[in-house]
Amino acid sequence: MEKKLNELSAVELGKKISAGEVSVKEALDASFAAIDEKDGEIHAYLEINREKAYGRAEDIQKRISDGSLKHPLAGVPVAIKDNMCTEGIKTTCASKILYNFVPTFSSTAVENLEEAGAIVIGKTNMDEFAMGSTTETSAFGVTKNPRNTAHVPGGSSGGSAAAVAADECSCALGSDTGGSIRQPAGYCGVVGMKPTYGTVSRYGLIAYGSSLDQIGPITKDVTDTAVMLETISSYDKKDSTSVDRDDTNFTSALIEDVAGMKIGVPRDYFGEGLDPEVSAAVKKAADDLKAAGAIVEEFDLSLVKYAIPAYYTIADAEASSNLERFDGIKYGYRAEDFKDLHDLYKKTRSEGFGPEVQRRIMLGSFVLSSGYYDAYYLKALKVKALIKKAFDDAFSKYDMILGPVAPTSAPELGKSLSDPLSMYLGDIYTISVNLAGLPGICLPCGRDSKGLPIGLQLIGDCFKDSTLIQAAYTYEKIRGEFA
Amino acid sequence: MANVISDETIEYVGILSKLKLDDEQKEQAKKDLAQMLDYIDQLGELDTEGVEPMTHVHPFTNRFREDEVTNGDDRENILKNAPEEKDGSFVVPRTFD
Amino acid sequence: MSKEYETVIGLEVHVELATKTKIFCGCSTAFGGAPNTHTCPVCTGMPGSLPVLNKQVVEYAMAVGLATNCDITRHCKFDRKNYFYPDNPQNYQISQLYLPICRNGYVEIETGKLSVNQKNAGMTESGEVKTKRIGIHEIHMEEDAGKLVHDDWADASLVDYNRSGVPLIEIVSEPDMRSAEEVIAYLEKLRMFIQYLGASDCKLQEGSMRADVNLSLREVGSTEFGTRTEMKNLNSFTSIMHAIAGERERQMDILESGGKVVQETRRWDDAKGESYAMRSKEDAQDYRYFPDPDLIPVDISEEWIERVKASQPEFRPAKIERYKKEYGIPDYDIELITESKRMADIFEEATAICGQPKKVSNWLMVETMRLLKEKSMDADKIRFSPVHLASLIKLVDSKVINNNSAKEVFEVMFEEDADPEKYVEEHGMKQENDEGAIKSICEQVIEANPQSVADYKGGKEKAIGFLVGQVMKAAKGKADPGTANKILKELLS
Ligand SMILES: [Mg+2]
Ligand SMILES: [Zn+2]
């Protein structure tokens, strides 16, 4: 059966547009029709950018037609997670405190996409300030998993993953601080990648944990991920932590070949807490890669369980400081009545931030406070160094690490938030990747008995993003169409 | 629970974080904070003697900007989202410093 | 009988650096400008914005550190200091706590010999000249805050971020000072170094140099420090002196009555001549410093340090010694000329061109000082070039103009750096040096003033002065008075 335009991958759609078979307007029509049809239920979007998108489409169409714009993503509709600034388009971080904030500049990653001719069609829902794993902490309502609407899409980039999975856009941007791209991609059965820290500029990304945050693509297949990542990667003068690398031609890694690649499978990832169906699907994927010529070995990664406490200490400490700027003075929500300045601060922030954000701000403030800094924050930074070292050791033996992206498939809506700590435990496979600045990719490797997607995660050493893309591309070919 | 958060401590954390908590929220916050600290205390099991704390994962240094003026008057944009504005400035409750 | 107390003082000095742009963004640091017109997303803390370090800030900080004998930290980092206040748009200040750029320095001060500033502050000479070393604990780089203006109409405050992000260095001394005299000597020494480096104009009144005073008392002979307070808002040498005296008194009263000094920050009110505690319940004074994840470390190589060292100027003490040997001008002149590097530079260059240190010094000491005072200008802001001063001196030496005309030209030169040769030419100010022409004027003057001629001939030597004056008047000031004097005497002999 012929696919509809919104069901095509970004690259497939881009080809039709550049060949003149499909107009940019038709591409937008298809995505917006899907949004109109499904987003009432899915709620992947917080803001639809219909009018401006059609305006831009005319300009892009002209430039494609006269040959001045040539890019695989030219004319392709993309969705942007709502923690990335978009000039003139409301950007809320799914928080009441930014309910009316309209940035006056765009994040560098968005600018890079727009320069390539991609068209921003809307802003996607997320956990408030990217703090959560289910998109249920959004101040503006939950997003449902398009594969089964009784379940969460994952988070925090749940809106982006759901929008891609529901064919409500061709591809999307997410951000990943502790798994926020890879885990929702896994839950929604799409591809998500967090590149090596510093590959994509953070300028314009509203910070959660600055040392951990990284923007990345969420797409329908690995080819789109490579194209999108290549497009958004840039050495940005405006971001001191962006890295000047000359190996960002990720599309050249779209090669079907894993022969001789050494893949390590950490035994520590397959212990208690891992759903047997997830375990089986991931192991099957490892076997498939082995059959294709990869050398697959089990090993002990060590320190796995310490990643979560170290992560929450560091991320929350940074967040407590990053979120201080939301005070009701320069932008966003301001409380109605207040006695004085400090009352204004306190009321604005208590009314503007949701419970999960407040919880993390308080923990973060506490671990940095006088008398606790060494015991908590500094200790976590040391553990981070040990975790990095454990990965260094692993990558001296293996080209990549293979494992699940999450212990289970997507939980049911409303089942996670009551116990924050057990929700945090679900981040066990993704979080250490951020602590060590590594690239990680997630792609679907099966479904469980409820029909929910299961995600396979590949983790590479710093700057080995291309190796991951090559292995993921190869696996995708072996696996065949994921429908 | 090993960690017990006192009323004074949660009050203090509220001042640091600039968050106003009602009594019920305070009790919840005390519990949540204590539970997380118990969990984080696991890190104490690891010997980190002599380990250099790692802030940045990459060893890069020295990102500079040259001392050249690149920005003009952007006041209109800067004030665009202000909850309250007067005479080209942000308005705050009267403060004494 | 009350105990004897020793005053222990340490200073935290904030200096605004003379960069063109702010520390983390490309906004101008220029003074003035309507509120918030020198701002961007970075210096107003917009969501998503990120800081990028201005290289010149590092260079200035290093230069000041090297001048004050500090060790330069080879691997330094920025930290965030977290506190909520509306002048601080991110509600954290980017500063340095754990690895500041300079550490372990010192400056040498002289006491017993009062400087102009100390005298102006009302101090009296204490006699014996002593040198003392004041330790510098550290120098760190940080960003300045915005300004709050109180709006009485609306009972509100208005926030202007034009100064937000202006680069500062904070120079933290050891608690090595024991008196206001030492404090002022120390500040003057710092100011001299920094001004000579061109790193800042260091004006207390305008806030480009701000000193916070940490003061405690201890019984004479004790080696333990007492509890200290920190005094802010001191914007002149006089207020520093008064604040030190006032705080010493206040602490002494507390100690004498058996009380305990509370460690706190106090604000000095110059008008009332007293200080008050700034602390409120909502200010926890717990800054939760941690390394700023948005900025990567600064590595300073040996080569970089050497480069900065090589471009250090000759500082004042060395200059004074050299001037004494080289120029043969009075010590008093040397003191004043070297007070500003700009003045000293003009002196040296002009002297190198015209070869007449005394004449150059004279122009600086008399006319320049007079005009500076008249226009209440700083010597750093002198506009005229040493080349023009040298050519003015040459014009007088070669009698192209006389002294009176030279003063007139100098005023224009001082205003707009006019080229004296051109100016004299364009305004027809060249004096009449043709003896024939002067002679005929002299003859007319003799003719018209028989009484004075008679007086002169009758032995009244002074009468010649009047006649010279008449010649100058007739020549519209363009005659050389020496020549006129000579010719008159010849004619009347
Ligand atoms: Mg400071
Ligand atoms: Zn700026």
Side-chain angles (χ1 to χ4, degrees), chain A residues 83-85 91 93 98 101 103-108 198 201-207 209-213 236-243 314 317-318 320-327 329-332 340-346 349 364-373 377-378 381, chain C residues 24-26 36 39-55 77-94 97-98 146 148 155-161 164 280-298:
Chain A
N83 60 350
M84 283 170 244
C85 286
T91 299
C93 283
L98 283 177
F101 178 65
T104 57
F105 64 93
S106 284
S107 44
T108 302
S201 167
R202 293 187 297 113
Y203 195 84
L205 171 68
I206 301 177
S210 313
S211 72
L212 307 159
D213 295 342
D236 188 359
K237 278 193 220 147
K238 292 185 282 192
D239 174 4
S240 306
T241 62
S242 91
V243 175
I314 294 167
E318 291 182 12
S320 73
S321 176
N322 284 331
L323 270 58
E324 281 165 351
R325 67 187 64 204
F326 304 104
D327 60 4
I329 288 172
K330 296 146 304 221
Y331 35 74
D340 55 23
L341 177 68
H342 289 287
D343 199 40
L344 162 65
Y345 284 151
K346 285 189 154 190
R349 289 165 60 82
S365 299
F366 183 82
V367 298
L368 289 176
S369 70
S370 164
Y372 298 99
Y373 180 86
Y377 183 69
L378 216 56
L381 289 186
Chain C
F24 298 121
C25 63
N36 293 301
T39 62
C40 73
V42 177
C43 57
T44 55
M46 289 292 155
S49 66
L50 293 170
V52 183
L53 179 59
N54 182 342
K55 192 175 182 184
K77 288 182 183 177
F78 284 92
D79 303 297
R80 291 186 187 174
K81 178 183 183 177
N82 298 283
Y83 65 95
F84 281 81
Y85 206 66
D87 63 3
N88 172 13
Q90 305 156 117
N91 289 317
Y92 59 81
Q93 178 198 33
I94 304 177
L97 177 75
Y98 298 107
L148 285 170
D155 194 33
S157 297
L158 303 178
V159 194
D160 170 13
Y161 291 122
S164 159
S280 91
K281 187 180 143 292
E282 285 297 330
D283 298 316
Q285 308 269 321
D286 182 346
Y287 297 124
R288 289 156 289 139
Y289 279 99
F290 75 106
D292 192 329
D294 287 334
L295 289 160
I296 60 174
V298 177

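So you know, we letter chains A, B, ... as the sequences are listed, proteins then strands, and number each from 1.
- In plain terms, the two heavy atoms of A:F105 and C:P47 that are nearest each other are CZ-O, 3.6 Å.
- Here the closest non-hydrogen pair linking C:P291 and A:Y377 is CD-CE2, 3.9 Å.
- Scored by the side-chain contact (heavy atoms from CB on, under 4.5 Å) test, C:P89 finds A:K330, C:Y161, C:S164 as partners (sequence neighbours excluded).
- The aromatic rings of A:Y373 and C:Y98 lie parallel to each other, with less than 30° between the two planes, well short of the 60° mark.
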A:T241/C:D294 under side-chain contact (heavy atoms from CB on, under 4.5 Å): CA gap, chis, key distance, verdict: CA-CA 6 Å; A:T241 62; C:D294 287 334; 5.6 Å; no
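- Donor-acceptor pairing under 3.5 Å is recorded for the side chains of A:S321 and C:N82.
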Steps toward side-chain contact (heavy atoms from CB on, under 4.5 Å) verdict (A:D327, C:Y85): CA-CA 10 Å; A:D327 60 4; C:Y85 206 66; over 6 Å; no
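- For C:S49, the parts lying under 4.5 angstrom from a heavy atom of chain A are both the backbone and the side chain.
- Summarising the geometry, atom OG belonging to A:S210 is positioned 7.5 Å from atom CG belonging to C:L50; distances are rounded to the nearest 0.5 Å.
- Remark: A:E324 engages C:R288 in a salt bridge, criterion side-chain N to carboxylate O under 4.0 Å.
- Rounded to the nearest 0.5 Å, atoms CD1 (C:I296) and OG (A:S211) are 13.5 Å apart.
- For a residue to count as touching a neighbouring chain, one of its non-hydrogen atoms must lie under 4.5 Å from one of that chain's; by this rule A:F101 touches chain C with the side chain only.
- Residues satisfying the ring pair (Phe, Tyr, Trp, His ring centres under 6.0 Å) test with A:Y345, not counting sequence neighbours, are A:H342, C:F84.
- The backbone N or O of C:N91 lies less than 3.5 Å from no partner atom in the side chain of A:R325, so there is not a single donor-acceptor pair.
- Using a 4.5 Å heavy-atom threshold, the side chains of A:Y203 and C:P41 count as touching.
- Of the two parts of A:T91, neither the backbone nor the side chain holds a non-hydrogen atom closer than 4.5 Å to a non-hydrogen atom of chain C.
- The shortest distance between side-chain heavy atoms of C:F24 and A:S240 does not fall below 4.5 Å.
- Here CD1 of A:I329 is found 13.0 Å from OG1 of C:T44. Values are rounded to the nearest 0.5 Å.
- Interface remark: A:I206 contributes backbone and side-chain atoms alike to the contact with chain C (heavy atom separation under 4.5 Å).
- Taken from CG in A:N322 to OH in C:Y92, the straight-line distance is 5.5 Å, to the nearest 0.5 Å.
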